[in-house]
Amino acid sequence: MKVAKSSRISGFHALSTEERLARVAGFCDLDKETVAQLRKYGDLDAELANRLIENVIGTISLPVGIATNMKIDGQDVLIPMATEESSVVAAVCNAGRQCYDNGGFATSSTGALMIAQVQLTQISDPQYARLQILEKEEEIKRICDACDPVLLDHGGGLQSIEVRVLTTAAEPMVVLHLVVDVKDAMGANAVNSMAEAVAPFIEQWTGGQVLLRILSNLADRRLARARAVWGLDAIGGVAVRDGIISAYQMAQADPYRATTHNKGIMNGVSAVVLATGNDTRAIEAGAHAYAVKDGQYGSLTHWEVTAQGDLAGSIELPMAVGIIGGATRLHPTAQACLKILAVDSADRLMRIIAAVGLAQNFSALKALATTGIQKGHMALHAQNIAMLAGAQGEEIARVAERMVQSETVRIDVAQQILNKLRQET
Ligand code: MEV
């Protein structure tokens, strides 16, 4: 009788990476090649990987590409992007090139204000409790600032508090917002510690019970903005400009389209966030929540015609990224990417990423409104398909080229071309 395998493996976390891999290989009947693949640690060694997360058995590498042609606030910058998707890096290069002579991108931000939420329950008089908490602002500031003297030394710390009363399906709740200037940190740890420190006092002052104490990823006090003008000549004329604007208007009117439109923006944004060791999920969640701020999910960018008839693009989105702490500091490739970017503050990084999001959206909309997206995708996509069909070395480019010429990029076509090519040689 076959004994069922059990995923209840006690002490798995205490094993070495090699021992864990052996256990996984046994459980999943992994062949030697698969185990050897998992043993390749790439740019992050096993020891460091083990410090970042639990139960490590390997790492996974992604290509880091450089977006060229980007001028941001008068400064030329090379931008590292980590992504598995073809055309994403090229899209930023193309958008940057087409607005370079117009001065590139101008950016701004609201600074690095993060929000932590403290949820207060079991309150019969929430409005009364709200005022009780507001009256304690100075004391709350003292408690919060004591959590992070280093942040305070750098000019950060609690900026203000807000208290909201929520009507919920369960009971009224009072929610305290701690608005904290986190300076060059992403800030999650700083604000979460503050929320936890202040919680017992909130209970004491109000008689209620605190449950959640956690940051909000809707970082709408930490907005990054970028704008640029693309000249009509640079983009190919009025029809292209109007096509881009029409594509944008569709996104504004239709959440089905807006989701894809914003996904394209996040192709660029997340690639830089990842390359710098920042939290892609935090940025994604914040961006999509911000896209619904006007009541309906819409575009994170805006596209308009300037008085001169050129194309003006702008973007505004939450951007909770840091340049100190966590993987940004520990991951050697993230450190290298920060060096390439030459950023000296989280604020500069926020603004660069916003510019990349706008550039990405420009190229996607331009392609969609003109030749379609597939043409640009094809060259690299065809190479991927050629590899999947078994092409090796020089065969890859030759199979891909023939597929693109035949305008049919499919694995069966790649296989046919490959067979033919091998017969020819
Ligand atoms: C593909 O990853 C991104 C696009 O779908 C974005 C868009 O449609 O705007 C091309």
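Atoms within a ligand are numbered from 1 in the order they appear, just like the ligands themselves.
- The pair Asp73-Arg351 counts as a salt bridge, with a side-chain nitrogen and a carboxylate oxygen less than 4.0 angstrom apart.
- For the side-chain contact (heavy atoms from CB on, under 4.5 Å) with Leu120, the lone residue among Leu176, Val174, Val163, Val175 that qualifies is Val174.
- Asn278 places a side-chain N or O within donor-acceptor distance of the main-chain N or O of Gly322, the cut-off being under 3.5 Å.
- Every residue two or more places apart in sequence or in another chain that forms a side-chain hydrogen bond (donor to acceptor under 3.5 Å, both in side chains) with Gln37 is listed here: Lys40.
- Using a 4.0 Å cut-off between charged nitrogen and carboxylate oxygen, Glu47 and Arg51 count as a salt-bridge pair.
- Listed by chain and residue number, the protein contacts of ligand 1 are Glu85, Arg257, Thr260, His261, Lys263, Gly264, Asn267, Ala364, Leu368, Ile373 (heavy atom within 4.0 angstrom).
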**Stepwise salt bridge (charged side-chain N to carboxylate O under 4.0 Å, His left out) test for Asp29 and Lys5** = CA-CA 11 Å; Asp29 298 326; Lys5 294 173 181 173; 3.6 Å; yes
